[in-house]
Number of protein chains: 2
Amino acid sequence: MADYEQLRLNNQLCFPLYVCAKEVVRKYKPLLDELDLTYTQYITMMAMWEHEQLSAKELGAILYLDSGTLTPVLKTLEKKGFVVRQRSKDDERSLILSLTPSGKNLQDKAASVPEAMMKCIDMSLDDLHTLHKLLHKFMDTSLK
Amino acid sequence: MADYEQLRLNNQLCFPLYVCAKEVVRKYKPLLDELDLTYTQYITMMAMWEHEQLSAKELGAILYLDSGTLTPVLKTLEKKGFVVRQRSKDDERSLILSLTPSGKNLQDKAASVPEAMMKCIDMSLDDLHTLHKLLHKFMDTSLK
DNA sequence: ACAAGATAAATTGTGCACAATTCAATTTTA
DNA sequence: TAAAATTGAATTGTGCACAATTTATCTTGT
């Protein structure tokens, strides 16, 4: 008689990962509403603030998102006036993304978001650091 | 001149959480295709295997999902013949969920999934255990 | 007993997320 | 160098995920 111990939700690694990710994104919502950004748009803008200019392909590699997801997100960000989409002169297949002044300015408003989020999280810095390190290890070793 | 250090993707906790969750669910896909289940349907079935019978409200509390998500998922699982949806006699508002024989049998096939997933994950058991513990701590302390 | 409030699902609308396919531009190769 | 293969975005279709609203049922207070 099998007890299927491995199939219990509490014994899964993926389930808490899935729940934490979802719920943290939900925590972001009221903060990001102030910036008129969804979470996906927010991480897209973070990548843009770091890189100033990059192709859609490079962006997808950074964010782990494919064109099916990014194409509509980028069109929305363009419509909001934060991002410019233009084809590369060198290679017409490539879509080059850059920030508008409005998109650059948004970084000032966004600067308070990480701090506000930290206030919601009631764990020691030590635990948070360990968690951060293990998630990156997980990404690097298991998500190829 | 601000350097916006806190806004860098690599310094965020949420971003690796979001990526790991997404990518792990993607890893599940070929395994769950064998069972004709999506990931959301899979965790729903896991909750059913554990509880045999429960209300939609209880299921939502277990899975951290609201009726907007669960209603269509449960209708799909009913259409696939794994789950029965019926109103409670005591309280017509409540939706009582139970497994069909086919839904129960599916547990046998599902039993190999956790093991197969573990083979994809190239981290020490120690690290996995720590990660698991920290995610639960995070859920318990920060997601109220 | 009945109106007012609370509760449980369902519905509606928006925005991802991804697989699979398509299309156009570029590169490779016979 | 022309056909074949590859590449980068866009498109199409399916399935969540959640906020907000609606509907039906139940509970509570008078």
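The structure displayed is predicted, hence computed values, not measured ones. Residue numbering restarts at 1 for every chain, and letters A, B, ... go by the order of the sequence lines. Just so you know, these numbers use all the heavy atoms, side chains as well, and skip hydrogens, waters and symmetry mates.
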- B:Thr40 has its side chain closest, among D:dA9, C:dA10, D:dA17, to D:dA17
Specify the separation, in whole Å, of atom [atom1] of [X] and atom [atom2] of [N].
| X | N | atom1 | atom2 | answer |
| --- | --- | --- | --- | --- |
| A:Glu58 | D:dG8 | CD | P | 10 Å |
| B:Tyr28 | D:dC16 | OH | C1' | 17 Å |
| B:Leu63 | D:dC16 | CG | C1' | 13 Å |
| B:Ile43 | D:dA17 | CD1 | C1' | 11 Å |
| B:Leu59 | D:dA17 | CG | P | 12 Å |
| B:Leu95 | D:dT23 | CG | C1' | 15 Å |
| A:Gln86 | D:dA10 | CD | C1' | 18 Å |
| A:Leu74 | C:dA17 | CG | C1' | 14 Å |

- Note on the structure: Residue set satisfying side chain to side chain donor-acceptor pair (under 3.5 Å) with A:Arg26, at least two apart, ordered chain then number -> A:Glu23
- Any idea how B:Tyr28 and B:Tyr42 line up, ring-wise: parallel (<30°), tilted (30 to 60°), or perpendicular (>60°)?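 The rings of B:Tyr28 and B:Tyr42 sit tilted, inter-plane angle from 30° to 60°.
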Closer than 4.0 Å, any side-chain N/O of [X] to the OP1 or OP2 of [N]?
| X | N | answer |
| --- | --- | --- |
| A:Lys57 | D:dA10 | no |
| B:Lys75 | C:dT11 | yes |
| A:Thr76 | C:dG15 | no |
| A:Tyr18 | D:dA17 | yes |
| A:Arg85 | D:dG8 | no |

Polar atoms only, N or O, under 3.5 Å: list the protein pairs with nucleotides 18-21 of chain D and their distances.
from	atom 1	to	atom 2	distance (Å)
D:dC18	OP2	A:Lys22	NZ	3.4
D:dA19	OP1	A:Arg26	NH1	2.9
D:dA19	OP2	A:Arg26	NH1	3.4

- Message: Can you list everything that forms a salt bridge (charged side-chain N to carboxylate O under 4.0 Å, His left out) with A:Lys75? Sequence neighbours excluded, please.
- Response: none
- Query: What residues, two or more places apart in sequence or in another chain, satisfy salt bridge (charged side-chain N to carboxylate O under 4.0 Å, His left out) together with A:Glu52?
  - Reply: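 With neighbours one apart ignored, the set is A:Lys104.
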- Are A:Met117 and A:Leu32 joined in one hydrophobic group, where the rule is that I, L, V, M, F, W and Y side chains link up if heavy atoms are under 4.5 Å apart?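 Yes, it is one cluster - the side chains of A:Met117 and A:Leu32 are joined through contacts under 4.5 Å.
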- Task: Report yes or no: do A:Ile96 and A:Leu77 belong to one cluster of Ile/Leu/Val/Met/Phe/Trp/Tyr joined by side chain heavy-atom distances under 4.5 Å?
- Result: no
Could you tell me which non-hydrogen atom of [X] sits nearest to which non-hydrogen atom of [Y], and how far apart they are?
| X | Y | answer |
| --- | --- | --- |
| A:Met46 | B:Leu7 | SD-O, 3.1 Å |
| B:Glu34 | B:Lys109 | O-NZ, 3.1 Å |
| A:Val19 | B:Leu63 | CG2-O, 4.4 Å |

- Query: Contact class for A:Val73 (heavy atom, under 4.0 Å): base, sugar-phosphate, or nothing?
  - Reply: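 Result for A:Val73 = sugar-phosphate.
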- Message: For the residue pair A:Asn11 / A:Gln6, report whether a side-chain donor-acceptor contact shorter than 3.5 Å exists.
- Response: no
- Message: Between A:Glu92 and A:Arg87, does any NZ, NE, NH1 or NH2 come within less than 4.0 Å of an OD or OE carboxylate oxygen?
- Response: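 Looking at A:Glu92 together with A:Arg87, the answer is no, because their closest N to O distance does not fall below 4.0 Å.
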Pairs under 3.5 angstrom, nitrogen or oxygen only, protein versus nucleotides 24-27 of chain D, please.
from	atom 1	to	atom 2	distance (Å)
D:dT25	O2	B:Arg93	NH1	3.4
D:dC26	OP1	B:Glu92	N	2.7

- Query: Do A:Tyr39 and B:Tyr18 have their ring centres less than 6.0 Å from each other?
  - Reply: yes
Under 3.5 Å between N/O atoms: give me all the protein pairs with nucleotides 2-5 of chain D, atom names plus distance.
none

